[in-house]
Each structure stands twice: as structure tokens, then as C-alpha cells.
Amino acid sequence: MSVRSKLGALAAIAALIVAGGAGVCLAADPTPTDLVDALNGVFGKHAGMRAAHTKGFCTTGSFTPSADAANLSKAPHFAKQVPIIARFSLGGGDPNAPDNAQDNVRGFAIKFDLGNGQTTDLVTISAPMFFANTPENFVGLLQAVGSGDKEKIKAFFAAHPESTRQNAWLTSHPIPASYATVGYWGVHGFTFTNAKGKQTLAKYKLVPEAGDVGLTPDEAKAKGADFYEAEFKERIAKGPVVFDLKAIMGKDGDQTSDPTLRWDDEDNRPTTDLGKISIEAMAPEQTCNAHPFLPGNVADGIAGPANDPIFAVRSPAYIVSFTRRQQ
Ligand code: HEM
């Protein structure tokens, strides 16, 4: 069974979950290396490439903050326009992942250049939730899927209904026609601190100015497995691809420990405009490969959730993958 079809089978398998399935034995306290090994276990090792979000391309542009951004955070890019490097990608570690699959996230990673060698990163996906809420469950899911054993996979999802939410969300939304025509979410709850010390809880959302445009199943089939990069190149030749960066406002009692869960009524919450991300040019791969995009690389004035075990393990795991692909 190919990796693609293994993953493609997730939606169907999730739908077949039987209550009371056998538990899956998981390793205790997996390390960041274990997480990368688990990704390699499913997708194979691909020398010089990312262990996840392997297929993608690099771009450059700029970020222009809104007038309100500095009220939320004292981070330097919320007070002045800065250059950015951005990489669009498909989820999973398959370098040949098909662009026209519905059950996969699209990734959008941004590195804001703050000057003097300082950067702050934002690493987002085209779904408002993640598929695991602990490193153990991340490894457990990948090991179950990697085994190709349908019973093990069924048992995993029976024991972890929270891990079915992302797939359910993706399969109920159309395949994006372009990386430029889908929204992206930061998924985790971040705390912003402004110059006066005021703290605000929020989640990031990126809204495409081109609108949400999806493909019908027939259109997606006709597009084939490799159209996103050429489509983007053509689009960008006509003008910048712009996203509105927004903060979905948190409120008292909002949880930040479980990235498989959305906040109540998240889509209808008040938002604050943070600024505009303008993607202006295609860039060589090396521009995006020289430094990793790290969720935990955030400027003073922005803090990730201290109680979210997925957020905590991401940057160390990305560094394992980055170190390996440099060798
Ligand atoms: C335990 C949870 C996770 C693990 C272990 C993990 C692991 C990884 C790894 C190993 C990479 C490649 C890093 C590199 O070589 O530079 C990566 C890239 C990426 N991840 Fe994650 N990830 C996790 C959760 C998430 C979440 C929650 C999001 C989105 C909110 C996300 C979005 C991305 C994106 C967009 C990239 C591509 C970055 C780029 O273009 O360089 N990941 N992930």
C-alpha cells in the first residue's frame, strides 16, 4: 500500500471506527527524534528533504502591519513593514504528494525579517485544528498508519476521536484551487503583549484576498498531481498574492492546551487585523532551506502556549529534521 493511499484511507477508516476497539500500545514520552523517526517510518527517509511538508516551494514578499497591530503586540514587525520569506507546502513527508488530494493540509510558513539578523516565524496550515494533542498520540497515529494494519488504525481512532477532527474538516471542504485561495490557521493559542504590558490571547488566521476558491472533484482530477507551483508562478507574474493576517480574539476560559480543539464559535469571534502579507516573487529553494521555520521562534511580544505539548515539541522536532537534511 503506498503512503498516499495509506493516508487517503484515513478518512474511510475513521468513518469505520468501531466502539471499544483494542487500545494501541504507545511509547512513553517520545523525544523530538522519535517524532521525526515516526514521520520517516510512514513516509520514508528522503535525503536532504524535510521529514514533513516535504513537497513545497519558496517565495519572498513583505508584511505591512495594520494600525491596530501594535495595540496587541510590541513585536517589531507589528510596528513597521518588513521583508518576509514564505514557503507553501503539502502536509506529510512524501516528496511526490499529490496536489489534488482532499485529505491533506496545505502549509504556509512565514519568516519575518526584523533586521539585525533577527526573525520571527509563523507556521500555519489550511485547517483550524491539528490531528494529535500529545506527542504520544502523534507517534501512535503515525505508527498505526505506518503499520498498514487496518485493525490497528481503527483501534487508534476509536481510542482517539480527537484525531479524526482534522480529517473530517478537510474532507468537508473542497480541494483548494491554489495555495493563494485557501485560508490558513496558526492553530495554537498565542499570547500577545503590547508595549504597556497588556496581554491578549488570540489565534492566527490568514485570509486570502483572492477568496476561498475550491475545485470540484472532476476539476481536481483533471488538474493532476502537480499543478500548484506552476499555478502560483503564473498568478504571481500578474501581481502580488495577498493574505490578511488576523487575530481571532480569545476570551477568559479559552483552552490553549489542545490543538485538536477549536474555541467555541471560533468562526464568528471578533478578529483584529494585524496586517497584510504580500507574496511578490518565487524564490530559489535555498532561500527557504538556509534556516528552519520554527513555530517557537517568536519575537518579544508574542508567546506560544506554555501548556500545549504539541507546540512545545514542534520546534525541537523541526530542528532534528533540519539538522538531518543539512547532512
Ligand atoms: C507534534 C506535532 C508536529 C510535528 C512533530 C511536526 C513536525 C514537522 C517537521 C519535522 C517538519 C519539517 C521541519 C524542517 O525540516 O524544517 C514540519 C514542517 C511543517 N509543519 Fe509541522 N509538525 C507538527 C505539528 C504541526 C502543526 C500543529 C502545524 C500547523 C499549525 C504544522 C505545520 C507545518 C508546516 C507548515 C511545515 C512546513 C514548514 C516549512 O515549509 O519549512 N506542523 N513539521
Side-chain angles (χ1 to χ4, degrees), residues 1-11 13-14 26-27 30-58 86-109 121 123-127 129-132 134-149 152-153 156-157 163 166-167 170-171 175-176 179 184 187 225-226 228-229 259-260 285-286 288-289 291-295 310-311 313-327:
M1 195 183 203
S2 74
V3 167
R4 182 70 249 144
S5 52
K6 268 182 202 164
L7 288 180
L10 281 181
I13 291 161
L26 304 178
T31 63
T33 301
D34 293 335
L35 270 61
V36 174
D37 286 344
L39 284 161
N40 287 167
V42 173
F43 298 105
K45 286 187 179 171
H46 303 283
M49 296 188 191
R50 286 163 174 74
H53 290 260
T54 313
K55 184 180 181 186
F57 59 87
C58 188
R87 184 170 177 271
F88 292 93
S89 59
L90 286 179
D94 178 0
N96 300 311
D99 292 350
N100 59 353
Q102 189 175 16
D103 62 340
N104 199 1
V105 289
R106 279 72 187 157
F108 185 8
D121 296 349
V123 187
T124 70
I125 48 174
S126 62
M129 74 291 283
F130 193 52
F131 62 76
T134 65
E136 289 81 357
N137 294 341
F138 180 90
V139 172
L141 189 153
L142 287 176
Q143 285 177 346
V145 171
S147 73
D149 178 337
K152 273 193 185 163
I153 300 171
F156 181 86
F157 284 113
S163 289
Q166 188 189 72
N167 190 273
L170 289 168
T171 52
I175 295 164
Y179 279 119
Y184 299 83
V187 174
D226 285 297
Y228 275 151
E229 187 168 350
T260 68
E285 264 186 56
Q286 186 49 25
C288 284
N289 290 349
H291 302 283
F293 294 88
L294 296 177
I310 290 291
F311 186 80
V313 83
R314 283 179 70 193
S315 296
Y318 290 29
I319 290 168
V320 170
S321 170
F322 176 73
T323 307
R324 286 185 183 174
R325 65 186 163 85
Q326 297 292 96
Q327 283 156 7

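Just so you know, these numbers come straight off a predicted model, no measurement behind them.
Between the side chain of S321 and the main chain of A51, a donor-acceptor pair closer than 3.5 Å is present. Of the possible polar contacts, one joining the D121 side chain to the L294 backbone as a donor-acceptor pair under 3.5 Å is found. Q102 places no side-chain N or O within donor-acceptor distance of the main-chain N or O of I175, the cut-off being under 3.5 Å. Of the possible donor and acceptor atoms, none in the side chain of D103 sits under 3.5 Å from a partner among the backbone N and O of T171.
By the ring pair (Phe, Tyr, Trp, His ring centres under 6.0 Å) test, F131 pairs with F138, sequence neighbours left out. Residues forming a salt bridge (charged side-chain N to carboxylate O under 4.0 Å, His left out) with R325 (at least two apart in sequence, or on another chain): none. When the salt bridge (charged side-chain N to carboxylate O under 4.0 Å, His left out) test is applied to D226, the partners found at least two apart in sequence or on another chain are K55. In this structure, the side-chain hydrogen bond (donor to acceptor under 3.5 Å, both in side chains) partners of S89, at least two apart in sequence or on a different chain, are H53. Checked against ring pair (Phe, Tyr, Trp, His ring centres under 6.0 Å), F57 has the following partners two or more places apart in sequence or in another chain: F88, Y179, F232. Taking T260 as the reference, R165, D258 meet the side-chain hydrogen bond (donor to acceptor under 3.5 Å, both in side chains) condition, with sequence neighbours excluded.
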I'd like to know whether L90 forms a side-chain contact (heavy atoms from CB on, under 4.5 Å) with D99, so could you lay out the CA-CA distance, the side-chain angles of the two residues, the decisive distance to 0.1 Å, and finally the verdict. CA-CA 7 Å; L90 286 179; D99 292 350; 3.3 Å; yes

| query | Which is it for F157 and L141 under the side-chain contact (heavy atoms from CB on, under 4.5 Å) test, yes or no, and what are the steps along the way? | reply | CA-CA 8 Å; F157 284 113; L141 189 153; 4.0 Å; yes

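The two residues N100 and A225 have their closest heavy-atom pair at OD1-CA, 3.9 Å. In terms of heavy atoms, A127 sits closest to L170 at CB-CD2, 4.3 Å. Taking each heavy atom of C288 and R50 in turn, the nearest pair found is O-NH2, 3.1 Å. Contact between P259 and V187 at its shortest, heavy atoms only, is O-CG1, 3.5 Å. Of all the heavy atoms in A144 and S147, the pair that sits closest is O-OG, 2.6 Å. Contact between V36 and A317 at its shortest, heavy atoms only, is CG2-O, 3.3 Å.
The CZ atom of F43 sits 14.0 Å away from atom CE of M49, with the distance rounded to the nearest 0.5 Å. Taking CD of Q143 as the reference point, atom CG of D37 lies at 10.0 Å (rounded to 0.5 Å). Between the OG1 atom of T54 and the CG atom of L39 there is a distance of 8.5 Å, given to the nearest 0.5 Å. Expressed to the nearest 0.5 Å, how far OG of S163 lies from CZ of F130 amounts to 9.0 Å. Rounding to the nearest 0.5 Å gives a distance of 11.0 Å between CG of N40 and CG of L35. Taken to the nearest 0.5 Å, the NE2 atom of H291 stands 7.0 Å off from the CZ atom of F322.
Checked by atom type, the side-chain pair R87/N289 shows no donor-acceptor distance below 3.5 Å.
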